[in-house]
Amino acid sequence: MSVKRFGDWDKVKARLENNPGARLAKAIRQATIQNALLLVREIKRGIVSQAPGGVPFAPLAESTIERKGSSKALIDTGFLLNSVTQRILSDHAFVGLLRGTVNKDGEDMVNIGAIMEYGATITMPNGTTIVLPPRPFLHPTMEKYRDQVADNYRKAIRAALRNV
């Protein structure tokens with residue numbers, strides 16, 4: 001007794017060699033990189049324009065403007081702006097401020113970023129209270145580009161699964 005094959009085996013072989021799983025994984029990774037770079041670029045643009053995600057920062061106090069010589073929030077030395085980054089991990093990306101990144105004074109940029117994002121009330125040793133209003137620069141941008149990020153993933157998945 002012998003076994004006979006029938007059908008278009010060359011077509012089956014070509015589709016299996018195409019490895020749709022690997023193509024899909026590569027497409028998702030490329031979309032992740034594209035999205036991470038998009039978010040970093042737009043977060044930085046938002047800080048420079050003083051309206052991340054289209055949401056203007058709360059104005060600086062006159063005393064702060066006099067002290068730093070500028071009315072621009074979150075831009076002083078450039079450390080915060082330059083600390084916004086991305087890291088591509090195995091199946092996702094991190095966008096924001098990495099723990100361990102420090103400014104010239106040795107202060108962790110994550111802590112400074114958290115104060116800027118959420119605001120803070122600081123009581124000084126002499127009893128003076130300083131209120132720093134929130135000046136969110138991460139969340140408004142991520143919210144604004146949420147649909148574009150999802151659309152980039154949809155396009156990548158569709159392209160990878162085409163002709164499978």
Side-chain angles (χ1 to χ4, degrees), residues 21-160:
R23 283 192 5 224
L24 184 59
K26 182 178 178 184
I28 290 171
R29 182 168 176 78
Q30 287 172 336
T32 301
I33 293 167
Q34 176 188 7
N35 287 332
L37 293 173
L38 165 76
L39 290 171
V40 167
R41 182 184 70 233
E42 294 305 321
I43 289 167
K44 288 182 176 187
R45 278 186 185 166
I47 293 171
V48 171
S49 73
Q50 299 289 281
V55 180
F57 286 139
L60 296 177
E62 282 302 318
S63 59
T64 303
I65 294 170
E66 288 172 17
R67 182 183 51 77
K68 65 185 267 184
S70 168
S71 62
K72 294 244 182 189
L74 276 64
I75 300 177
D76 201 1
T77 63
F79 276 100
L80 181 70
L81 184 66
N82 292 327
S83 296
V84 176
T85 190
Q86 51 81 26
R87 288 290 182 265
I88 305 301
L89 306 167
S90 61
D91 62 347
H92 61 285
F94 169 86
V95 174
L97 301 169
L98 291 172
R99 190 162 294 287
T101 304
V102 295
N103 65 13
K104 66 182 179 188
D105 298 323
E107 299 165 323
D108 199 328
M109 295 309 297
V110 166
N111 297 337
I112 293 170
I115 290 170
M116 296 300 126
E117 186 80 9
Y118 301 108
T121 301
I122 303 167
T123 303
M124 303 300 284
N126 66 1
T128 305
T129 300
I130 300 172
V131 176
L132 298 169
R135 293 187 176 91
F137 60 101
L138 298 171
H139 290 95
T141 304
M142 292 182 183
E143 185 61 36
K144 178 178 180 180
Y145 290 96
R146 175 189 307 257
D147 291 341
Q148 185 174 342
V149 166
D151 193 47
N152 289 343
Y153 279 115
R154 275 191 289 277
K155 287 176 183 174
I157 291 167
R158 281 188 195 118

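This structure is a prediction, so every number in the text was calculated from the model and none was measured. Excluded from the calculations below are hydrogen atoms, water molecules and symmetry mates; all remaining heavy atoms, backbone and side chain alike, are included.
- By the side chain to side chain contact (heavy atoms under 4.5 Å, CB included) test, A93 pairs with T32, A36, I88, sequence neighbours left out.
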Between side-chain atoms of residues 52-66 and protein atoms elsewhere (two or more places apart, or another chain), which donor-acceptor pairs fall under 3.5 Å?
none

Handout entry: Evaluation steps, side-chain contact (heavy atoms from CB on, under 4.5 Å), between N103 and T77
Key = CA-CA 9 Å; N103 65 13; T77 63; 5.6 Å; no
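- K72 NZ: more than 12 foreign heavy atoms inside a 6.0 Å radius.
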Exercise for the section: Run the numbers on T101 and V110 for side-chain contact (heavy atoms from CB on, under 4.5 Å), then give the verdict. Expected result: CA-CA 7 Å; T101 304; V110 166; over 6 Å; no
Practice task
Using the side-chain contact (heavy atoms from CB on, under 4.5 Å) rule, take I75 and Q50 through it: C-alpha gap first, then chi angles, then the decisive distance, then the call.
Solution key: CA-CA 9 Å; I75 300 177; Q50 299 289 281; 4.0 Å; yes
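- Here the CD1 atom belonging to I47 is positioned 5.0 Å from the CG atom belonging to L80, to the nearest 0.5 angstrom.
- Between atom CG of residue D108 and atom CG of residue L98 there is a gap of 10.0 Å, rounded to the nearest 0.5 Å.
- Residue M142 holds its CE atom at 9.0 Å from CZ of F137, rounded to the nearest 0.5 Å.
- Across all non-hydrogen atoms, the minimal contact from E117 to P140 is OE2-CD, 4.2 Å.
- Without hydrogens or angle criteria, D151 side chain to D147 main chain gives no donor-acceptor distance under 3.5 Å.
- Annotation for Y145 and E42: closest pair OH-OE1, 3.0 Å, computed over non-hydrogen atoms.
- When atom types are taken as modelled, the side chain of K68 and the backbone of A73 share no donor-acceptor pair closer than 3.5 angstrom.
- Rounding to the nearest 0.5 Å places CD1 of I28 at 4.5 Å from CD1 of I157.
- For E107, there are no salt bridge (charged side-chain N to carboxylate O under 4.0 Å, His left out) partners two or more places apart in sequence or in a different chain.
- We find the CD1-OG1 distance between I115 and T121 to be 10.5 Å, quoted to the nearest 0.5 Å.
- The minimum heavy-atom distance between M109 and L97, with the atom names listed, is O-CD1, 3.4 Å.
- Note that the CZ atom of R135 and the CG atom of L74 stand 7.5 Å from one another [nearest 0.5 Å].
- Exactly one of L39, V40, I43 qualifies for a side chain to side chain contact (heavy atoms under 4.5 Å, CB included) with Q86. That residue is V40.
- In this structure, the side chains of Q148 and N35 stay at 4.5 Å or more apart for every pair of heavy atoms.
- Judged by distance alone, with hydrogens and angles left aside, the side-chain atoms of R87 form no donor-acceptor pair with the main-chain N or O of F94 at under 3.5 Å.
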